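One structure below.
Note that ligands are numbered from 1 as they come in the structure, with each ligand's atoms numbered from 1 the same way. Keep in mind the model is a prediction, meaning the values are calculated, not measured.
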Amino acid sequence: MKTLRLLTMTLAAGTLVACGSAQKKAAEESTFARTAETETLLTNLKKVSAQGIMFGHHDDTVYGIGWEGDEGRSDVQSVCGDYPAVISFDLGELELGTEQSLDKVPFEKIRKEIINQYQRGGMASLSWHVRNPKTGGDAWDVSDSTVVRSILPGGENHVKFSGWITRMADFLNSLQTAEGTKVPVLFRPWHEHTGSWFWWGAALCSPDEYKSLWRMTVDSLQAKGVNNALYAYSTGTEPQDTTQYLERYPGDDLIDVIGFDAYQFDRDAFLASMDKSLAIIDSIGQAHGKVIAVTEVGYEGVPDAQWWTGTLLPAIEKYPVAYALVWRNARERVTHFYAPYPGQASEKDFVEFYNSPKTLFARDVVLYQ
Ligand code: BMA
(Lines give C-alpha, C1' and ligand atoms only; values in the text may rest on other atoms or scores of the structure.)
Protein backbone atom coordinates (compact mmCIF):
# COMPACT_ATOMS: atom_id res chain seq x y z
CA MET A 1 0.00 0.00 0.00
CA LYS A 2 2.88 2.29 0.78
CA THR A 3 4.41 1.55 -2.64
CA LEU A 4 1.16 2.49 -4.32
CA ARG A 5 1.07 5.80 -2.53
CA LEU A 6 4.68 6.44 -3.39
CA LEU A 7 3.89 5.99 -7.08
CA THR A 8 0.94 8.38 -6.86
CA MET A 9 3.09 10.94 -5.15
CA THR A 10 5.87 10.57 -7.68
CA LEU A 11 3.38 11.18 -10.50
CA ALA A 12 1.98 14.18 -8.66
CA ALA A 13 5.50 15.43 -8.05
CA GLY A 14 6.26 15.17 -11.77
CA THR A 15 3.71 17.86 -12.48
CA LEU A 16 5.51 20.14 -10.06
CA VAL A 17 8.75 20.30 -12.01
CA ALA A 18 7.64 23.08 -14.36
CA CYS A 19 6.16 24.95 -11.48
CA GLY A 20 9.44 24.51 -9.57
CA SER A 21 11.49 26.35 -12.18
CA ALA A 22 9.01 29.26 -12.25
CA GLN A 23 9.38 29.47 -8.49
CA LYS A 24 13.14 29.40 -8.78
CA LYS A 25 12.99 32.38 -11.10
CA ALA A 26 10.68 34.24 -8.71
CA ALA A 27 13.02 33.38 -5.85
CA GLU A 28 15.97 34.84 -7.71
CA GLU A 29 14.09 38.03 -8.50
CA SER A 30 13.37 39.06 -4.93
CA THR A 31 15.84 39.31 -2.07
CA PHE A 32 13.18 38.23 0.43
CA ALA A 33 11.65 35.40 -1.59
CA ARG A 34 12.15 31.80 -0.56
CA THR A 35 14.34 29.30 -2.31
CA ALA A 36 12.78 27.07 -4.94
CA GLU A 37 13.17 24.05 -2.62
CA THR A 38 11.29 25.88 0.14
CA GLU A 39 8.44 26.81 -2.19
CA THR A 40 8.33 23.22 -3.46
CA LEU A 41 8.12 21.96 0.12
CA LEU A 42 5.15 24.26 0.78
CA THR A 43 3.40 23.14 -2.41
CA ASN A 44 3.88 19.50 -1.44
CA LEU A 45 2.76 20.07 2.16
CA LYS A 46 -0.48 21.43 0.73
CA LYS A 47 -0.91 18.19 -1.24
CA VAL A 48 0.35 15.64 1.22
CA SER A 49 -2.81 15.34 3.32
CA ALA A 50 -4.59 13.91 0.27
CA GLN A 51 -2.12 10.99 0.52
CA GLY A 52 -2.07 10.49 4.27
CA ILE A 53 -0.80 11.93 7.53
CA MET A 54 2.94 12.26 8.01
CA PHE A 55 4.21 10.90 11.31
CA GLY A 56 6.67 13.06 13.23
CA HIS A 57 8.90 12.59 16.28
CA HIS A 58 10.98 15.14 18.20
CA ASP A 59 14.76 14.57 18.45
CA ASP A 60 14.20 11.22 16.72
CA THR A 61 17.74 10.63 15.44
CA VAL A 62 19.76 12.22 18.23
CA TYR A 63 18.89 9.99 21.18
CA GLY A 64 16.30 7.50 22.42
CA ILE A 65 15.68 5.12 25.27
CA GLY A 66 19.04 3.62 26.26
CA TRP A 67 21.17 5.30 23.59
CA GLU A 68 22.57 8.63 22.50
CA GLY A 69 24.36 9.81 19.39
CA ASP A 70 24.50 6.45 17.55
CA GLU A 71 24.84 7.18 13.83
CA GLY A 72 21.57 6.58 11.94
CA ARG A 73 19.74 5.24 15.00
CA SER A 74 16.10 6.07 15.73
CA ASP A 75 13.66 4.39 18.13
CA VAL A 76 10.93 4.74 15.48
CA GLN A 77 13.08 3.18 12.77
CA SER A 78 14.08 0.35 15.14
CA VAL A 79 10.38 -0.45 15.66
CA CYS A 80 8.94 -0.11 12.16
CA GLY A 81 11.87 -0.01 9.73
CA ASP A 82 11.47 3.58 8.53
CA TYR A 83 12.21 7.05 9.86
CA PRO A 84 9.50 9.58 10.66
CA ALA A 85 8.51 11.79 7.72
CA VAL A 86 8.92 14.78 10.04
CA ILE A 87 11.63 15.14 12.68
CA SER A 88 11.65 18.15 14.96
CA PHE A 89 14.50 19.64 16.96
CA ASP A 90 14.61 22.41 19.53
CA LEU A 91 17.01 25.32 19.22
CA GLY A 92 16.63 26.57 22.80
CA GLU A 93 19.89 28.21 24.00
CA LEU A 94 21.25 28.65 20.47
CA GLU A 95 20.65 32.34 21.25
CA LEU A 96 23.34 32.19 23.96
CA GLY A 97 26.03 31.16 21.51
CA THR A 98 26.65 27.90 23.38
CA GLU A 99 27.51 24.62 21.69
CA GLN A 100 24.55 22.58 22.86
CA SER A 101 20.80 23.01 23.25
CA LEU A 102 18.76 23.17 26.43
CA ASP A 103 18.30 19.39 26.07
CA LYS A 104 22.09 18.93 25.79
CA VAL A 105 22.17 18.15 22.08
CA PRO A 106 25.14 19.72 20.22
CA PHE A 107 23.92 22.20 17.59
CA GLU A 108 26.45 20.68 15.22
CA LYS A 109 24.62 17.34 15.58
CA ILE A 110 21.24 19.04 15.05
CA ARG A 111 22.56 20.71 11.89
CA LYS A 112 23.79 17.36 10.59
CA GLU A 113 20.52 15.60 11.39
CA ILE A 114 18.42 18.31 9.70
CA ILE A 115 20.48 17.77 6.55
CA ASN A 116 20.18 13.96 6.89
CA GLN A 117 16.41 14.28 7.20
CA TYR A 118 16.30 16.41 4.04
CA GLN A 119 18.44 13.87 2.22
CA ARG A 120 16.11 11.03 3.15
CA GLY A 121 13.26 13.15 1.73
CA GLY A 122 11.61 14.11 5.02
CA MET A 123 11.01 17.44 6.72
CA ALA A 124 12.59 19.06 9.76
CA SER A 125 10.59 21.30 12.07
CA LEU A 126 12.34 23.57 14.56
CA SER A 127 10.93 24.89 17.82
CA TRP A 128 12.65 27.41 20.08
CA HIS A 129 12.44 27.26 23.87
CA VAL A 130 14.31 30.55 23.98
CA ARG A 131 15.54 31.86 27.32
CA ASN A 132 13.98 34.85 29.00
CA PRO A 133 15.94 37.84 27.65
CA LYS A 134 14.90 40.10 30.52
CA THR A 135 15.28 38.00 33.66
CA GLY A 136 17.99 35.61 32.44
CA GLY A 137 15.69 32.70 33.34
CA ASP A 138 14.50 29.99 30.99
CA ALA A 139 11.53 29.94 28.57
CA TRP A 140 9.23 28.95 31.45
CA ASP A 141 10.18 31.98 33.57
CA VAL A 142 6.92 33.94 33.68
CA SER A 143 7.88 36.12 36.65
CA ASP A 144 7.86 39.31 34.55
CA SER A 145 5.03 40.28 32.23
CA THR A 146 6.91 42.96 30.28
CA VAL A 147 9.46 40.73 28.53
CA VAL A 148 7.86 40.78 25.06
CA ARG A 149 7.45 44.55 25.22
CA SER A 150 11.08 44.89 26.29
CA ILE A 151 12.41 43.19 23.13
CA LEU A 152 10.20 44.97 20.59
CA PRO A 153 11.70 48.00 18.80
CA GLY A 154 12.29 50.75 21.36
CA GLY A 155 12.33 48.29 24.29
CA GLU A 156 15.32 48.03 26.65
CA ASN A 157 16.18 44.51 25.45
CA HIS A 158 15.65 45.06 21.74
CA VAL A 159 19.33 45.22 20.85
CA LYS A 160 20.10 42.16 22.96
CA PHE A 161 17.29 40.19 21.36
CA SER A 162 18.35 41.28 17.86
CA GLY A 163 21.67 39.59 18.59
CA TRP A 164 19.78 36.40 19.50
CA ILE A 165 17.88 36.57 16.21
CA THR A 166 21.17 37.01 14.37
CA ARG A 167 22.42 33.74 15.89
CA MET A 168 19.20 32.05 14.78
CA ALA A 169 19.59 33.47 11.25
CA ASP A 170 23.22 32.29 11.10
CA PHE A 171 22.14 28.78 12.07
CA LEU A 172 19.25 28.64 9.58
CA ASN A 173 21.51 29.99 6.82
CA SER A 174 24.12 27.35 7.67
CA LEU A 175 21.74 24.48 6.85
CA GLN A 176 23.27 23.50 3.53
CA THR A 177 24.11 20.28 1.77
CA ALA A 178 27.65 19.55 0.57
CA GLU A 179 26.48 20.79 -2.86
CA GLY A 180 25.44 24.12 -1.32
CA THR A 181 21.65 23.66 -1.44
CA LYS A 182 19.98 25.42 1.45
CA VAL A 183 17.81 22.94 3.33
CA PRO A 184 14.18 24.06 3.83
CA VAL A 185 12.83 23.85 7.37
CA LEU A 186 9.60 24.62 9.18
CA PHE A 187 10.34 27.17 11.92
CA ARG A 188 7.86 27.09 14.82
CA PRO A 189 8.78 29.73 17.40
CA TRP A 190 6.45 31.33 20.00
CA HIS A 191 4.41 28.14 20.38
CA GLU A 192 1.66 27.31 22.90
CA HIS A 193 1.16 31.04 23.42
CA THR A 194 -2.54 30.65 24.25
CA GLY A 195 -1.42 29.22 27.59
CA SER A 196 0.68 31.23 30.04
CA TRP A 197 3.65 28.98 30.85
CA PHE A 198 6.17 30.64 28.52
CA TRP A 199 7.24 34.29 28.78
CA TRP A 200 5.47 34.97 25.43
CA GLY A 201 2.19 33.43 26.71
CA ALA A 202 -1.31 34.92 26.75
CA ALA A 203 -1.16 36.49 30.22
CA LEU A 204 2.32 37.89 29.59
CA CYS A 205 1.74 40.10 26.53
CA SER A 206 -1.10 41.73 24.61
CA PRO A 207 -2.32 40.33 21.27
CA ASP A 208 -0.69 43.28 19.49
CA GLU A 209 2.63 42.71 21.27
CA TYR A 210 2.53 39.02 20.36
CA LYS A 211 1.79 39.78 16.72
CA SER A 212 4.61 42.37 16.65
CA LEU A 213 6.94 39.75 18.11
CA TRP A 214 6.16 37.45 15.18
CA ARG A 215 6.53 40.20 12.58
CA MET A 216 9.83 41.33 14.06
CA THR A 217 11.08 37.73 14.10
CA VAL A 218 10.22 36.95 10.48
CA ASP A 219 11.28 40.37 9.16
CA SER A 220 14.65 40.14 10.94
CA LEU A 221 15.33 36.61 9.72
CA GLN A 222 14.46 37.56 6.15
CA ALA A 223 16.60 40.71 6.35
CA LYS A 224 19.49 38.44 7.37
CA GLY A 225 19.01 36.30 4.27
CA VAL A 226 16.96 33.42 5.70
CA ASN A 227 15.08 32.23 2.62
CA ASN A 228 14.79 28.53 3.53
CA ALA A 229 12.14 28.73 6.26
CA LEU A 230 8.41 28.17 6.32
CA TYR A 231 6.65 29.35 9.48
CA ALA A 232 4.22 27.55 11.76
CA TYR A 233 1.77 29.19 14.19
CA SER A 234 0.79 26.75 16.91
CA THR A 235 -1.47 27.34 19.87
CA GLY A 236 -2.31 25.05 22.76
CA THR A 237 -5.82 23.58 23.05
CA GLU A 238 -7.19 26.69 24.79
CA PRO A 239 -8.99 28.33 21.82
CA GLN A 240 -12.64 27.29 21.81
CA ASP A 241 -13.50 28.70 18.38
CA THR A 242 -11.90 30.22 15.29
CA THR A 243 -12.07 33.76 16.69
CA GLN A 244 -10.12 32.76 19.78
CA TYR A 245 -7.66 30.77 17.66
CA LEU A 246 -7.02 33.83 15.48
CA GLU A 247 -6.86 36.36 18.32
CA ARG A 248 -3.06 36.46 18.20
CA TYR A 249 -2.56 35.23 14.61
CA PRO A 250 0.10 37.47 13.08
CA GLY A 251 -1.17 37.34 9.47
CA ASP A 252 -1.45 35.19 6.38
CA ASP A 253 1.63 36.85 4.90
CA LEU A 254 3.81 35.45 7.71
CA ILE A 255 2.35 32.02 8.39
CA ASP A 256 2.40 28.86 6.26
CA VAL A 257 1.26 26.14 8.65
CA ILE A 258 -1.32 26.40 11.42
CA GLY A 259 -1.56 23.85 14.17
CA PHE A 260 -1.86 23.18 17.87
CA ASP A 261 -0.17 21.12 20.60
CA ALA A 262 -2.26 18.61 22.56
CA TYR A 263 -1.37 15.90 25.07
CA GLN A 264 -3.44 13.03 26.44
CA PHE A 265 -4.05 12.69 30.16
CA ASP A 266 -7.70 11.59 30.23
CA ARG A 267 -8.69 9.78 27.00
CA ASP A 268 -12.20 11.21 26.64
CA ALA A 269 -11.04 14.74 27.35
CA PHE A 270 -8.16 14.31 24.87
CA LEU A 271 -10.46 13.05 22.09
CA ALA A 272 -12.91 15.89 22.70
CA SER A 273 -10.20 18.54 22.65
CA MET A 274 -8.53 17.02 19.56
CA ASP A 275 -11.84 17.15 17.73
CA LYS A 276 -12.54 20.72 18.80
CA SER A 277 -9.04 21.96 17.86
CA LEU A 278 -8.93 20.01 14.58
CA ALA A 279 -12.31 21.43 13.52
CA ILE A 280 -11.00 24.94 14.25
CA ILE A 281 -7.77 24.60 12.26
CA ASP A 282 -9.53 22.74 9.45
CA SER A 283 -11.98 25.57 9.00
CA ILE A 284 -9.27 28.28 9.18
CA GLY A 285 -6.94 26.24 6.99
CA GLN A 286 -9.56 26.11 4.25
CA ALA A 287 -10.54 29.78 4.54
CA HIS A 288 -6.93 31.02 4.63
CA GLY A 289 -5.33 28.45 2.32
CA LYS A 290 -2.99 27.15 5.06
CA VAL A 291 -1.53 23.73 5.74
CA ILE A 292 -2.86 22.23 8.98
CA ALA A 293 -0.91 20.04 11.40
CA VAL A 294 -0.93 18.60 14.89
CA THR A 295 2.40 20.21 15.73
CA GLU A 296 2.85 18.31 19.04
CA VAL A 297 0.82 15.43 20.38
CA GLY A 298 1.34 12.45 22.63
CA TYR A 299 0.63 10.32 25.66
CA GLU A 300 3.64 10.27 27.99
CA GLY A 301 5.04 6.75 28.40
CA VAL A 302 2.42 5.43 25.90
CA PRO A 303 0.88 3.21 28.60
CA ASP A 304 -2.03 2.22 26.32
CA ALA A 305 -0.79 -0.68 24.15
CA GLN A 306 -3.35 0.22 21.45
CA TRP A 307 -2.90 3.98 21.55
CA TRP A 308 -1.69 4.44 17.96
CA THR A 309 -4.54 2.76 16.10
CA GLY A 310 -7.08 2.95 18.92
CA THR A 311 -6.83 6.62 19.84
CA LEU A 312 -4.40 8.74 17.80
CA LEU A 313 -5.33 7.58 14.31
CA PRO A 314 -9.12 7.76 14.83
CA ALA A 315 -8.66 11.26 16.29
CA ILE A 316 -6.75 12.68 13.32
CA GLU A 317 -7.87 10.71 10.27
CA LYS A 318 -11.08 12.67 9.70
CA TYR A 319 -9.16 15.87 8.98
CA PRO A 320 -6.73 16.87 6.20
CA VAL A 321 -3.79 17.01 8.58
CA ALA A 322 -0.34 17.20 6.94
CA TYR A 323 1.45 15.76 9.96
CA ALA A 324 1.12 14.79 13.61
CA LEU A 325 4.30 14.86 15.68
CA VAL A 326 4.98 13.21 19.03
CA TRP A 327 7.45 14.62 21.54
CA ARG A 328 10.82 13.23 22.53
CA ASN A 329 12.08 9.93 23.97
CA ALA A 330 14.20 11.54 26.66
CA ARG A 331 17.30 9.46 27.35
CA GLU A 332 17.88 11.34 30.61
CA ARG A 333 14.34 10.93 31.97
CA VAL A 334 13.28 7.43 31.01
CA THR A 335 9.56 7.82 31.80
CA HIS A 336 9.43 10.90 29.54
CA PHE A 337 8.90 9.31 26.12
CA TYR A 338 6.21 9.53 23.45
CA ALA A 339 7.28 7.12 20.68
CA PRO A 340 7.69 3.37 21.11
CA TYR A 341 11.08 1.65 21.22
CA PRO A 342 11.88 -2.08 20.91
CA GLY A 343 10.15 -3.86 23.78
CA GLN A 344 7.83 -0.96 24.67
CA ALA A 345 4.17 -1.85 25.34
CA SER A 346 2.73 -0.17 22.23
CA GLU A 347 5.39 -1.50 19.81
CA LYS A 348 3.11 -3.94 17.94
CA ASP A 349 0.32 -1.43 17.58
CA PHE A 350 2.79 1.13 16.26
CA VAL A 351 3.75 -1.29 13.47
CA GLU A 352 0.05 -1.51 12.61
CA PHE A 353 -0.14 2.27 12.63
CA TYR A 354 2.90 2.35 10.35
CA ASN A 355 1.29 -0.22 8.00
CA SER A 356 -1.94 1.75 7.79
CA PRO A 357 -2.45 3.30 4.35
CA LYS A 358 -3.31 6.50 6.18
CA THR A 359 0.12 7.13 7.71
CA LEU A 360 3.24 8.35 5.93
CA PHE A 361 6.85 7.85 6.95
CA ALA A 362 10.09 9.10 5.34
CA ARG A 363 10.07 6.57 2.47
CA ASP A 364 6.46 7.41 1.62
CA VAL A 365 6.84 11.10 0.89
CA VAL A 366 8.16 13.23 -1.95
CA LEU A 367 8.54 16.74 -0.59
CA TYR A 368 11.24 18.36 -2.69
CA GLN A 369 10.35 17.52 -6.30
C1 BMA B 1 9.52 19.74 27.27
C2 BMA B 1 10.25 18.61 28.00
C3 BMA B 1 11.52 19.21 28.53
C4 BMA B 1 12.34 19.82 27.38
C5 BMA B 1 11.49 20.79 26.57
C6 BMA B 1 12.22 21.32 25.35
O7 BMA B 1 8.26 19.34 26.86
O8 BMA B 1 10.52 17.55 27.11
O9 BMA B 1 12.27 18.19 29.17
O10 BMA B 1 13.46 20.48 27.87
O11 BMA B 1 10.30 20.16 26.18
O12 BMA B 1 12.58 20.30 24.48
Only heavy atoms of Asp103, strictly under 4.0 Å: list the atoms of ligand 1 that pass. 4 (C), 6 (C), 10 (O), 12 (O)
Minimum non-hydrogen distance to atom 3 (C) of ligand 1, winning option of Glu192, Lys104, His58, Arg328: Arg328
Looking at Glu37, Glu113, Lys182, which hits side-chain contact (heavy atoms from CB on, under 4.5 Å) with Tyr118? Glu37
Can you check whether Tyr231's main-chain N or O pairs, donor with acceptor, with Asp256's side chain at less than 3.5 Å? yes
Given Glu332, Glu300, His336, Glu296, which one has a non-hydrogen atom that is nearest to atom 8 (O) of ligand 1? His336
Thr359 side chain vs Tyr354 backbone, donor-acceptor pair below 3.5 Å: yes
How close does the nearest protein non-hydrogen atom get to atom 1 (C) of ligand 1, and which residue and atom is it? Trp327 NE1, 3.6 Å
Looking at Glu71 and Lys112, is there a salt bridge between them, counting it only when a charged N and a carboxylate O are closer than 4.0 Å? yes
Looking only at protein heavy atoms, which one is nearest to atom 5 (C) of ligand 1, and how far off is it? Trp140 CH2, 3.8 Å
I'd like to know if Arg188 pairs up with Glu296 as an ion pair, taking the criterion as any Lys NZ or Arg NE/NH1/NH2 lying under 4.0 Å from an Asp or Glu carboxylate oxygen. yes
